[in-house]
> 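Can you read through this structure? Questions will come right after.
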Amino acid sequence: MILLTGGAGYIGLHTAAVLVEAGHEVVLFDNFSNSKPAGLKRLEAIIGRAVPCVEGDVRSRQDLDGLFDQYPIGAVVHFAGLKAVGESQAQPLRYYDNNVSGSLALLGAMQRAEVRRIVFSSSATIYGNADSNPIPETAALRPANVYGRSKLMVEDILRDLHAAAPGWSIALLRYFNPVGAHPGGLIGEDPNDIPNNLMPFVTQVAVGRRPELQVFGGDYPTPDGTGVRDYIHVMDLAEGHRAALDWALRDPRELLTANLGTGRGSSVLELVGAFEQASGKAIPHRIVARRAGDVAACWSDPSLARERLGWTATRSLDDMCRDAWNWQRNNPQGFA
Ligand code: NAD
Ligand code: WQD
């Protein structure tokens, strides 16, 4: 059985759907601090049966020890954590507590239960302002915010653990910019409050929840002046987790670090254009000042994941826009 911490969240639900369809048994664990139980009902509708979900906090050894005692867990995908960059700068202790202390508690519980296979949700944000694109895994790690530093700290803890206890199989997956939704439109991204990220903001403009998109910066050294990112379809990302899990379940007793991205960059205006095409909706937008902390361009070198995991992203920006719109159009208020 595979434990998905943070399994009720955006990437967790999509990964659960892919893993169950691939024949894995899964158990989800979540404190619903950034997700809703309604998402679990939707997951059930997709896969045609209930999936066990335990409500608990990844910082609680009591919750975790009970979970490992109750279920025959063979490997863990560790999604649980907080992910809003701006909020992390304002609330560093809360971020380090959830992301770092939570990971430490989980690893302690895994050690007690003798479960030594883990796939960890890292982030391209740990590269910070990279010297060049595409970014390989060997690039310097210099995160520019608390959130990114919390992810790097957990990576460091896992590297130290592996050096001390080589029986562990550990995959560090550095996601670029996950967007889109399951093609059935039953699950998707459902941010609380005003979305921080581009795609959910665009879909909320399209559905009439927000009047216009502010494009943060039109004077970057990029082809059209707007920021360039490596958007990756969440279903491709979910399949990347399946590949990493299959790798970990073979017990390689290695630590593998892999970018999950497409290797292609798209600008904000390109994404808006692709979305307008896919949805048939005009997205009113206006170029405003740059957002503090943003880099001009960031895209992955995804070749290592192809070579080591046999995984490559296959879905296009048009697919991402079509599926993001299908989700938002069918669920204007998300899971609410
Ligand atoms: P999400 O917020 O939708 O999912 C995270 C889940 O973890 C939520 O359901 C939340 O309730 C749960 N959670 C948070 N703290 C917890 C705790 N202490 N105990 C138990 N559950 C807790 O976010 P997501 O987009 O699905 O991201 C999943 C993981 O991937 C996160 O670790 C995130 O940092 C990482 N990541 C996300 C992105 C992205 O852009 N979405 C990019 C790179 C990395
Ligand atoms: C994308 C582009 C913005 C909103 C963040 C995290 C990163 C990772 C993914 C977790 C940029 C522009 C955005 C808007 C805009 N998450 N934009 N108007 O900043 O690349 O990455 O999410 O690990 O850690 O930092 O993603 O979607 O916020 O921005 O113009 O209203 O869209 O300036 O160029 P980002 P994003």
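Numbering of ligands and ligand atoms starts at 1, following listing order. The structure displayed is predicted, hence computed values, not measured ones.
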> Just to confirm my output: which protein heavy-atom neighbour is closest to atom 36 (P) of ligand 2, and how far is it?
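For atom 36 (P) of ligand 2, the nearest protein heavy atom comes out as N197 ND2, 3.4 Å.
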> Identify the closest protein heavy atom to atom 19 (O) of ligand 2: which residue and atom is it, and at what distance?
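Ranking protein heavy atoms by distance from atom 19 (O) of ligand 2, first comes R291 NH2, 2.9 Å.
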> Give me the residue, atom name and distance of the protein heavy atom closest to atom 35 (P) of ligand 2.
N177 ND2, 3.5 Å
> Closest by any non-hydrogen atom to atom 35 (C) of ligand 1: pick that one out of S123, S121, S103, G102.
S121
> In the protein, which heavy atom is nearest to atom 15 (N) of ligand 1, and how far is it?
N98 OD1, 3.3 Å
> Can you figure out which of D30, V234, V54 has its heavy atom closest to atom 12 (C) of ligand 1?
D30
> Quick one: nearest non-hydrogen protein atom to atom 26 (O) of ligand 1, plus distance?
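Atom 26 (O) of ligand 1 sits closest to the protein heavy atom I11 N, 2.8 Å.
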> Consider only side-chain N and O atoms of D323 and H233, and report whether a donor and an acceptor are under 3.5 Å apart.
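The answer is yes; a qualifying pair exists.
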> Establish, from distance only, whether the side-chain atoms of D230 and N177 form a donor-acceptor pair under 3.5 Å.
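No, no side-chain donor-acceptor contact under 3.5 Å.
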> Looking only at protein heavy atoms, which one is nearest to atom 22 (C) of ligand 1, and how far off is it?
N31 OD1, 3.0 Å
> Do E155 and K151 meet the salt-bridge criterion of a basic N to acidic O distance under 4.0 Å?
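The answer is no: the pair does not qualify as a salt bridge.
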> For ligand 2, indicate whether the residue L213 contacts it via side chain, backbone, both or neither (heavy-atom separation under 4.0 Å).
side chain
> So is K83 polar-close to ligand 2, meaning N/O to N/O under 3.5 Å?
no
> Would you mind checking which non-hydrogen protein atom is closest to atom 4 (O) of ligand 1, with the distance to 0.1 Å?
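The closest one turns out to be G9 CA, 3.4 Å.
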> Hey, is K151 touching ligand 2 through its side chain, its backbone, both or neither, going by heavy atoms under 4.0 Å?
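Neither part.
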> Looking at R253, is its backbone amide N or carbonyl O close enough to the side chain of S169 to form a donor-acceptor pair, meaning the two atoms are under 3.5 Å apart?
yes
> Of the listed options (K83, K151, R174), which comes nearest to atom 23 (O) of ligand 1 when hydrogens are ignored and any heavy atom counts?
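Of the listed residues, K83 has the closest heavy atom.
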> Between V268 and ligand 2, does any nitrogen or oxygen pair lie at a separation below 3.5 Å?
no
> Roughly how far apart are Y95 OH and K83 NZ, rounded to 0.5 Å?
9.5 Å
> Under 4.5 Å between side-chain heavy atoms, hopping through other hydrophobics if needed: is there a path connecting V77 to I170?
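Result: no, two separate clusters.
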> Do R112 and D69 have side chains that get closer than 4.5 Å, going by heavy atoms?
yes
> Donor-acceptor pairs are to be reported for all side-chain atoms of residues 189-201 against protein atoms at under 3.5 Å, with residues two or more places apart or in another chain.
from, atom 1, to, atom 2, distance (Å)
D190, OD2, K36, NZ, 2.9
D190, OD2, F335, N, 3.1
N192, ND2, N34, OD1, 3.1

> Under 3.5 Å, side-chain donor or acceptor atoms of residues 42-56 against the rest of the protein: list the pairs with distances, not counting sequence neighbours.
from, atom 1, to, atom 2, distance (Å)
R42, NH1, L186, O, 2.7
R42, NH1, N331, OD1, 3.0
R42, NH2, N331, OD1, 3.0

> Would you kindly check if the NZ (Lys) or CZ (Arg) of R290 is within the cone defined by 45 degrees around the ring axis of Y220 and under 6.0 Å from the six-membered ring centre?
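Yes, R290 lies over the aromatic ring of Y220.
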> Could you check atom 14 (C) of ligand 2 against the protein and tell me its nearest heavy-atom contact, residue, atom and distance included?
F216 CE1, 3.2 Å
> Less than 6.0 Å separating the ring centroids of H241 and Y175?
yes
> Closer than 4.0 angstrom: is that true for some heavy atom of Y175 and an atom of ligand 2?
no
> Can you tell me the protein heavy atom closest to atom 20 (O) of ligand 2 and the distance?
R229 NE, 2.5 Å
> For S121 and H78, which I'm curious about, is there any donor-acceptor pair between the side chains at under 3.5 Å?
no
> Would N259 and Y127 satisfy side-chain contact (heavy atoms from CB on, under 4.5 Å), going step by step from the backbone distance to the final call?
CA-CA 11 Å; N259 288 336; Y127 295 120; 2.7 Å; yes
> Quick one: nearest non-hydrogen protein atom to atom 2 (C) of ligand 2, plus distance?
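Ranking protein heavy atoms by distance from atom 2 (C) of ligand 2, first comes Y231 OH, 3.4 Å.
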> Please could you name the atoms of ligand 2 that S123 approaches to less than 4.0 Å, counting only its heavy atoms?
10 (C), 23 (O), 24 (O)
> What protein heavy atom lies closest to atom 38 (C) of ligand 1? Include the residue and the distance to one decimal.
P178 CG, 4.0 Å
> Have a look at F176, Y175, F79 and point out the one with the heavy atom closest to atom 30 (O) of ligand 1.
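Among F176, Y175, F79, the closest heavy atom to atom 30 (O) of ligand 1 comes from Y175.
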> Any luck finding a side-chain donor-acceptor pair between D318 and S316 under 3.5 Å?
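No, no side-chain donor-acceptor contact under 3.5 Å.
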> Give the residue and atom name of whichever protein heavy atom lies nearest to atom 24 (O) of ligand 2, and the separation in Å to one decimal.
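Of the protein heavy atoms, T125 CB, 3.1 Å lies nearest.
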> Considering only protein heavy atoms, which is closest to atom 19 (N) of ligand 1, and at what distance to one decimal place?
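Here the closest protein heavy atom is V58 N, 2.9 Å.
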> Give the atoms of ligand 1, by number and element, whose distance to some non-hydrogen atom of R59 is under 4.0 Å.
18 (N)
> Got the closest protein heavy atom to atom 25 (O) of ligand 2, with its distance?
V85 CG2, 3.4 Å
> Students should be able to answer this: which protein heavy-atom is nearest to atom 7 (O) of ligand 1, and at what distance?
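I find the closest protein heavy atom is G6 CA, 3.3 Å.
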